[in-house]
Amino acid sequence: MNMMDPNARTLDMQAKTISPDIIAALSTDVRVTVAVPGEDGYDAARTIWNAMFDKRPSLVVRCLGTADVIKAIKAARDEKLLLAVRSGGHNIAGHAVCDGGLLIDLSLMKSVRVDPETRTARVEPGATLADFDNEAQAFGLATPLGINSTTGVAGLTLGGGFGWTTRKLGLTVDNLISADIVTADGKLIRASERENQDLFWAVRGGGGNFGVVTSFEFKLHSLGPEVLAGLIVHPRENAPELLPAYRRIVNEAPDELTIWVIMRKAPPLPFLPTEWHGKAVLIFARCYSGDVK
Ligand SMILES: Cc1cc2nc3c(=O)[nH]c(=O)nc-3n(C[C@H](O)[C@H](O)[C@H](O)COP(=O)(O)OP(=O)(O)OC[C@H]3O[C@@H](n4cnc5c(N)ncnc54)[C@H](O)[C@@H]3O)c2cc1C
């Protein structure tokens, strides 16, 4: 194990030698994986959606539960290490990973527990939108999340969260009941309308700066398993004629209908004729979450 990463940094960007004792103390928990550069799991933890960022933390703590998160935060605080928190890894600016600090990787904490009786779900931060929908849709239930199934529930929720059903059901944070949060002093607290209201206000859109969320509790709504959805693809030069009509239709549309406009080069999707691949297109991406019968 290479314990002497020359790039290790403190919170105020001073050079730092990570003591072997810190790594040993973190590694005593049988559930957690601690990895330094070159070890198994190190690259998986630091690799994020936006491949323009290739950051190299000095130490990765791959957590399986809240206890691991508390230990990792305490270690980072005691050693004054720069700290980053990663869940689904879809933050476009690469904020989930740091260079030369300690990375708390939550991507292995993927549990989603749906209670069809109370119509609520308990979700761990490593769950993606696909993980959430897969469990909730088994009961014909959903909460408004984003458009792309690979995105993380955690970062999306902490940023507010909007998606296909937001017009009808609100933002993701409008459907957040509570969050379990490990604060910078290593304490686990619960934030909701009744407990730690100021923190509950902050995590509903304020991003990841207020502690590490280890569990989210959401309200669920009846939806699916079928919705009417799909793409309509036009040549981009038709935009001047299509967009005024689009504006009129969405102004009058019921809350159940969401239509987004995407203008881009056509990707090589199997349902698009090959002669269209790479050409400028205008796409109407639609989802109708009302009654489809
Ligand atoms: C392809 C794509 C599609 C998208 N579509 C949508 C969409 O439809 N709707 C929408 O609202 N957003 C959308 N987004 C934006 C997305 O919601 C944000 O990038 C969000 O931050 C991703 O969350 P994550 O858990 O995957 O990210 P991460 O990169 O893991 O984390 C994002 C930020 O939150 C912090 N953080 C992560 N987990 C925690 C935690 N448990 N506790 C405290 N802080 C934490 C991280 O440190 C980081 O700063 C999309 C992004 C991409 C790349």
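Values below: all heavy atoms of this structure, side chains included; hydrogens, waters and symmetry mates excluded. Whatever order the structure lists ligands and atoms in, that order sets their numbers, starting from 1.
At least one heavy atom of G89 sits less than 4.0 Å from an atom of ligand 1. In this structure, I48 falls outside the shell of residues with a heavy atom less than 4.0 angstrom from ligand 1. No heavy atom of G163 sits closer than 4.0 Å to any atom of ligand 1. Within the structure, ligand 1 has G211 among the residues with a heavy atom less than 4.0 angstrom away.
Side-chain atoms of S215 and R122 form a donor-acceptor pair, as typed in the model, at a separation below 3.5 Å. Using a 3.5 Å distance cut-off with no hydrogens or angles, the side chains of T214 and T66 do pair a donor with an acceptor. In summary, the side chains of H90 and N50 do not present any donor paired with an acceptor at a separation below 3.5 Å, with no hydrogens or angles considered.
Shown in contact with V212 at under 4.0 Å from a heavy atom are these atoms of ligand 1, numbered in order with element: 42 (N), 43 (C). Close contacts of ligand 1 with L158, meaning ligand atoms under 4.0 Å from a residue heavy atom, involve 39 (C), 40 (C), 42 (N), 43 (C), 44 (N), 45 (C). Heavy-atom proximity to W49, at under 4.0 Å, picks out these atoms of ligand 1: 1 (C), 53 (C). Ligand-side atoms of ligand 1 in range of R86: 30 (O), range being under 4.0 angstrom from any heavy atom. Close approach of ligand 1 to A96 is summarised as follows: ligand atoms under 4.0 Å from at least one heavy atom of the residue are 28 (P), 29 (O), 30 (O). Close approach to G146 involves these atoms of ligand 1, each under 4.0 Å from a residue heavy atom: 7 (C), 8 (O), 9 (N).
Under 4.0 angstrom from ligand 1, there are no non-hydrogen atoms of T150. Of the heavy atoms in F162, both backbone and side-chain atoms come closer than 4.0 Å to ligand 1. Contact annotation: for N148 versus ligand 1, heavy atoms closer than 4.0 Å belong to the side chain alone. If you look at P125 next to ligand 1, the close heavy atoms, those under 4.0 Å, all belong to the side chain. When non-hydrogen atoms are compared, ligand 1 lies under 4.0 Å from the side chain of L106 (C-beta onward) but not from its backbone.
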Worked check of salt bridge (charged side-chain N to carboxylate O under 4.0 Å, His left out) between R204 and E193:
CA-CA 11 Å; R204 281 177 297 160; E193 291 287 4; 3.7 Å; yes
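Counting only heavy atoms of the protein, atom 15 (C) of ligand 1 lies nearest to T151 CG2, 4.7 Å.
The residue among S107, G208, G155 with a heavy atom at the shortest distance from atom 23 (O) of ligand 1 is G155.
At least one N or O atom of H90 sits closer than 3.5 Å to an N or O atom of ligand 1.
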